[in-house]
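The structure is given below, and queries will be raised subsequently.
What you are looking at is a predicted structure, and each value in this text was computed from that prediction instead of being measured.
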Amino acid sequence: LLHTIPLVSVSSRSEELKVKEVLGLAMEYAVAVKLELARRASTANPKRALELVAYTTHCNLKPAHLMLALNLAMIVSYKGGNFIHAAGFAQRLLEMPETMSAKNEKMASRARQVLQACEKQGRN
């Protein structure tokens, strides 16, 4: 997709803007995938894995995918004993409107539990 977009011919300004939007979204997803692959490869270094998963949460992804990235970052941070960051990821996850839907209730309840546990710990 990234290789074919520069060769796309458009007939109007609105089509050009749409192509640019798709290109930007594709680049963000490419960065997110590279970060996730690097995280999976760095299993021997948990600090690096936590850093990479935190970077992934700052990619401009669609809300459903951002929720998954935040959930993963929350879990990795919590398991790594990084409670302040885990609480931050849980808070960001709970602030998303998509979290309040019925299909995401399990994720929201887990985020609430992690947030409560992290507030008790209060350290990294």
Check: Just how far is it from atom CG of Leu94 to atom OG1 of Thr99, taken to the nearest 0.5 Å?
Finding: 6.5 Å
Notebook entry, point to check: Going through the checks in order, is the salt bridge (charged side-chain N to carboxylate O under 4.0 Å, His left out) test met by Glu16 and Arg13?
Noted result: CA-CA 5 Å; Glu16 177 187 354; Arg13 182 81 171 140; 3.1 Å; yes
Margin query: Using every non-hydrogen atom in the two residues, find where Leu50 and Val53 come nearest and quote the distance to one decimal.
Written below: O-CG1, 3.2 Å
Checklist line | CG on Asn60 to CE on Met27, rounded to 0.5 Å | finding: 10.5 Å
Margin query: Under a 3.5 Å threshold, yes or no: a donor from one side chain and an acceptor from the other, between Asn104 and Ser101?
Written below: yes
Checklist line | Lys/Arg-Asp/Glu bridge criterion (N-O < 4.0 Å) met for Lys47, Glu51 | finding: no
Item checked: Closest heavy-atom pair and its distance - Arg39, Ala49 -> CG-O, 3.6 Å
Checklist line | Side-chain ion pair, Arg92 and Glu95, N-O less than 4.0 Å | finding: no
Next item on the list: Could you work out the complete set of other residues in the hydrophobic cluster of Leu35, with links drawn between I, L, V, M, F, W and Y side chains under 4.5 Å apart?
Entry: Val31, Leu52, Tyr55
Side chains of residues 61-80: which donor-acceptor partners sit under 3.5 Å, not counting sequence neighbours?
from, atom 1, to, atom 2, distance (Å)
His65, ND1, Tyr29, OH, 2.6
Ser77, OG, Ala73, O, 2.8

Margin query: I'd like to know if the side chain of Thr56 and the backbone of Ala32 have a donor-acceptor N/O pair within less than 3.5 Å.
Written below: no
Item checked: Glu21 side-chain N/O to Leu17 backbone N/O, donor-acceptor pair under 3.5 Å -> no
Scan the side chains in residues 105-121 for donor-acceptor partners under 3.5 Å anywhere in the protein, sequence neighbours excluded, and list what turns up.
from, atom 1, to, atom 2, distance (Å)
Ser109, OG, Glu105, O, 3.4
Ser109, OG, Lys106, O, 2.9
Gln121, OE1, Arg123, NH2, 3.4

